[in-house]
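Proteins get letters first, then strands, A, B, ... in listed order; numbering begins at 1 in each.
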Amino acid sequence: MIPAKFDYKKVSSISEALELLAKHGDDAKLLAGGHSLIPAMKLRLNQPEILIDISQIAGMNTIKMDGDEIVIGANCTHHQILTSDVVKQNAKMLTEVAKMIGDIQVRNRGTIGGSLAHSDPSADWPASVLAADAKIEVEGKSGERTIAATDFFQGIFTTALEDDEIITAIRFPKIADGNYQKFFQSASRFAIAGVAVIKFGGKVRVGVTGVSDTPYRASAVEAAYDGTSSAAALAVDGVEVMSDHFAGEEYRSHLAKVLVKKALES
Amino acid sequence: MGTYIGQSVKRREDARFLKGAGKYTDDIKLPKMTHSAFVRSPYAHAKILSVDISTAKNADGVVAIFTGSDGCNAFGIPTGWQVDFKNGDTMREPKHPLLAIDKIKHVGEAVAIVIAETQAQARDAVQLVEVEYEELPCVTDPEKAMAKGAPQVHDEWTDNRSFDWCIGNDRADVEAAIAGAHHVTEMEFVNHRLAPNAIEPRSYIADYDVNADKYTLYTSTQNPHLIRLLMCAFTLGIPEHKVRVISYDVGGGFGSKIYHYSEEALLTWAAKEVGRPIKWTSDRSEAFLTDAHGRDHKVYAKMGFDKEGMIVGFLADEFCAMGAYLSTFAPAVPTYLHGTLFQGLYTTPLIHLNVTAPFTHTVPVDAYRGAGRPEATYLLERIVSKGAKEMNIDPAELRLKNFIAPFDGVKQPGYQTQVALQYDSGDYHTILKKGLEKVGYDDFRKEQAEARKNGKLLGIGISTYIEACGIAPSAVVGSLGARAGLYEVGHVRIQPTGKVSVFTGAHSHGQGHETTFSQFVADKLGIPMDDVDIIHGDTEHVAFGMGTYGSRSLAVGGSAIMKSIDKVLEKGAKIAAHKLEAAVEDLEYAEGKWTVKGTDKSIGFGDVALTAYVPHDYPEGVEPGLDFSSFYDPTNFTYPFGCHIAIVEVDADTGKVVIKRFVAVDDVGNVINPMIVDGQIHGGVVQGIGQALLEEVVYDENGQMISGSYMDYAMPRADDVPMIETDRTTTPCPHNPLGVKGAGEAGAIGSTPAVVNAVVDALHHLGVTDIQMPVTPQRVWKAMQQN
């Protein structure tokens with residue numbers, strides 16, 4: 001398991017990273033925690049010529065309140081989020097999500113920004129990002145912009161990020177009443193299905209990961225929500241459900257409904 | 001009981017393992033050593049149209065590249081066991097080249113080796129080797145491989161059969177008994193394919209000394225002498241005295257490191273070609289694709305019962321995959337290591353097993369922890385439990401009713417089975433009753449009924465097993481097709497100061513031999529354990545040996561050492577008698593000294609040893625020195641047995657199974673180190689649980705392994721298993737000097753059916769009678785939906 005030869009450059013600012021990105025284009029990959037990228041490189045499924053290490057950029061690994069919003073730097077590790085008092089006090093659901101990601105080693109290295117940019121269809125964060133209607137802050141050569149969660153995920157390993165853009169932070173609202181339910185794939189411990197539900201003023205927002213090749217808001221459930229869990233039956237309405245040897249379409253659909261029900265009842 | 005035997009002495013090898021100071025093959029760096037990497041086929045079945053190395057050979061650091069046409073394939077890899085057809089035709093044994101020549105037979109088969117200055121350079125150059133393939137249709141399932149028109153693995157024969165085989169009573173008699181039975185229980189299932197997953201991947205370094213014309217192979221193997229024998233006599237045709245095989249610390253094998261693999265032979269051959277040492281260490285992806293797999297049987301079985309619930313006949317037909325080539329022990333696994341256990345613990349009067357062993361476009365299948373016995377036990381213990389459910393008899397009661405009566409093999413004779421073996425000693429009723437008591441069987445049934453009222457799905461599963469260990473009497477296995485003897489060698493060298501070096505042909509790759517063997521040697525000689533060293537894993541140090549597998553090390557290897565200890569004590573007594581001016585028969589040996597009976601005249605072991613090496617005042621006609629080697633060839637297999645009971649809870653919403661309790665009561669004969677035996681049982685049980693719930697090699701229709709990484713192949717983790725509650729009964733083996741039976745595989749044999757029986761028990765009231773392993777949440781949920 002030895003990757004192909006590559007150059008490595010650690011940058012200390014976003015502008016430096018953007019400059020290198022512009023210069024190397026498709027030959028470059030951004031390195032944050034590396035927990036998806038490096039295995040792919042070791043298997044030589046991915047052979048970038050240069051890695052731009054953004055993990056030490058100042059200001060990108062802090063968690064702070066900005067008014068009513070929790071701003072989590074893209075370089076924050078899952079462990080940082082898990083142990084953050086700011087997160088625990090203002091959005092305890094995110095603490096619970098972080099706890100269910102990988103193992104200690106993964107949580108100590110993997111970052112929320114890296115996970116979102118990679119956009120593995122079975123990753124945990126997308127469900128909460130969607131349910132919370134979080135905003136993804138990105139910076140590119142044409143400046144800064146904010147992408148709404150619902151616009152961000154576009155397909156398997158595909159997002160609204162432009163090639164020259166870097167996620168800098170994720171902006172979550174306070175979450176008073178939310179919970180995340182996950183059914184673990186027994187080998188990878190990624191989510192076969194992961195459901196985040198946030199309740200507010202008699203309504204819900206439901207984010208689902210692991211079920212389809214793109215994480216989604218279960219809008220049929222949201223629309224039919226009547227305070228009970230009966231809307232859970234609509235968990236995969238209008239969605240193309242993934243299938244693999246751990247969970248075929250039928251079972252995965254069932255799990256999505258079970259988890260939405262559990263989340264609605266929690 | 002001596003000072004050490006029966007004590008949980010801490011493992012002396014752990015001092016180096018825990019400090020990261022173990023000496024594994026990949027830790028070794030030789031001067032001028034090169035590295036290698038393989039070009040492997042991405043196809044399961046393909047013609048090789050061309051191999052172009054022109055770019056690769058000029059890449060940075062490349063020393064040499066060899067393909068199948070470069071002279072390495074004169075002989076090919078042999079198999080170690082020949083199982084001929086029922087009609088007497090010779091087993092079909094395809095040539096197994098070191099590098100594929102014109103055709104690919106499984107994904108991962110090596111096409112070329114690249115040797116370079118660094119591992120990175122070797123891997124870079126692998127990407128530059130251009131191979132043109134023509135993909136062909138493939139078959140990976142053993143039953144489908146026998147269907148008419150199935151893609152052929154080897155063109156030289158008309159179908160994919162390597163051999164067929166049967167054992168037991170006349171088929172017609174068994175069929176008649178079942179036809180006339182009061183009740184017949186039927187099963188059809190797959191005992192699915194597993195990847196062994198030793199934590200240390202296979203690793204080799206080959207070195208050739210041109211001046212001595214001598215090869216040294218460092219290899220992570222379970223049996224260095226056997227590798228040397230096979231590689232020299234068959235694969236490469238090199239004189240055996242010109243090859244040294246060294247296997248220091250090995251990080252687990254579970255069977256997968258018994259076999260002679262193409263990579264080690266190729267490296268040995270190539271080391272002479274390039275004139276420099278060559279290293280290769282498998283990565284995890286290669287391990288999935290190239291380490292011999294386990295199991296892979298398609299099973300059709302019937303068991304007949306009379307109206308009292310007594311078994312009257314047992315019949316099975318199995319398709320057992322061999323994979324693309326015959327691995328070292330492969331033909332023996334679904335036959336002599338499998339069918340011979342079909343008696344189980346039961347008095348079944350009529351038994352017949354028919355095996356068809358086809359080639360498939362997959363990596364070869366061979367022995368994996370338990371080797372044939374887990375497959376036999378799974379079938380027996382599932383079909384007995386299924387029969388119990390169908391007849392509405394308690395599964396424990398049905399077993400007790402059918403068990404063979406206790407026999408110690410001394411006062412009562414051994415038990416002659418219908419399937420060739422004669423069990424040595426056993427008390428099966430006691431062990432099941434002990435298990436039931438430990439788990440609180442009767443109370444559990446009440447708890448289960450109560451839980452059901454609340455929609456909670458609890459189940460209990462019983463498995464009672466017997467296995468054949470201590471492999472094996474050479475004449476017996478020889479008559480069954482083994483191409484080697486299966487004795488063991490134990491060499492005891494008493495140093496002049498009375499310290500002891502023991503050389504064993506057994507090989508430790510996690511079993512703790514350095515501790516266990518030292519314990520009994522120290523006890524038998526009456527000396528401190530610290531005075532004993534155990535040396536293994538080097539053909540230049542150890543005279544010969546057959547290695548470690550089949551739970552044989554203590555039963556066979558330990559017995560060989562015991563023979564040498566007897567010789568040491570016999571000669572020592574002559575020297576002691578001379579020094580004490582007494583007759584040998586007037587001496588007794590205890591606590592490290594010879595004493596003239598009834599006196600206080602004695603001489604210590606160390607003094608006798610010194611006298612043997614400084615023979616100034618010495619008995620006439622006795623040679624100097626105190627150094628003996630012995631071969632021990634067992635007279636029978638040993639037969640550990642046990643009772644494993646699992647309690648599970650099934651989540652009604654998702655089908656997920658959680659094991660709440662696991663009780664393992666095992667009888668492994670006498671126990672030298674209880675802690676090590678418990679550790680062996682723990683490891684085996686976890687592996688068995690892995691098969692029951694999690695692990696599965698899956699091939700798609702193109703012969704691609706879609707479970708070829710830890711992202712997709714589920715190994716059991718700490719939180720997948722409960723605390724394992726172990727207990728024992730002790731029925732000594734009557735035919736070896738230590739009375740030991742073997743403990744390495746018991747856990748993996750007994751546990752799997754216990755878990756599946758428990759899951760079926762939890763769901764039986766919903767109409768579920770069987771679930772295909774691994775019992776994944778999806779399979780459980782689907783079973784619940786269908787009923």
Legend entry - Taking every non-hydrogen atom, the tightest pair across B/Asp712 and A/Phe246: O-CZ, 3.2 Å
Inset, instruction - Could you tell me the separation between the CZ atom of A/Arg189 and the OH atom of B/Tyr710, rounded to the nearest 0.5 Å? - result: 14.0 Å
Inset, instruction - Quick one: which of A/His254, A/Lys5, A/Lys261, A/Gln185 has the most heavy-atom pairs under 4.5 Å with chain B, could you say? - result: A/His254
Inset, instruction - Compare all side-chain heavy atoms of B/Arg284 with those of A/Leu43 and state whether any distance is below 4.5 angstrom. - result: no
Inset, instruction - Take atom CD1 of A/Ile104 as the centre, draw a 6.0 Å sphere, and report whether it contains more than 12 heavy atoms from other residues, nucleotides or ligands. - result: no
Legend entry - Structural part of B/Glu695 lying under 4.5 Å from a heavy atom of chain A: neither
Inset, instruction - Could you tell me whether the side chain of B/Trp781 reaches within less than 4.5 Å of the side chain of A/Glu250, counting heavy atoms only? - result: yes
Legend entry - Engaged part of B/Asp60 at the chain A interface, taking heavy atoms whose separation is under 4.5 Å: neither
Inset, instruction - Side chain from CB out, backbone as N, CA, C, O: work out which of these in B/Ile706 comes under 4.5 Å of a heavy atom of chain A, or both, or neither. - result: both
Inset, instruction - Identify which part of A/Phe190 has an atom lying under 4.5 Å from any heavy atom of chain B, answering side chain, backbone, both or neither. - result: side chain
Inset, instruction - State the CD1-CD distance between A/Ile2 and B/Gln119, to the nearest 0.5 angstrom. - result: 3.5 Å
Legend entry - Salt bridge present between B/Asp653 and A/Lys257 (N-O < 4.0 angstrom): no
Legend entry - More than 12 heavy atoms from other groups under 6.0 Å of CG on B/Asn58: yes
Inset, instruction - Sort by residue number and list every member of residues 770-779 of chain B having a non-hydrogen atom under 4.5 Å from chain A. - result: B/Pro777, B/Gln778
Inset, instruction - Considering non-hydrogen atoms only, spot the tightest contact between A/Ser186 and B/Ala714 and give its length. - result: OG-CB, 3.4 Å
Legend entry - Crowding at CD, A/Glu240 (>12 non-hydrogen neighbours, <6.0 Å): no
Inset, instruction - Look at the side chain of A/His245 and the backbone N and O of B/Tyr699, then say whether any donor-acceptor pair between them is shorter than 3.5 Å. - result: no
Inset, instruction - Take atom NZ of A/Lys29 as the centre, draw a 6.0 Å sphere, and report whether it contains more than 12 heavy atoms from other residues, nucleotides or ligands. - result: no
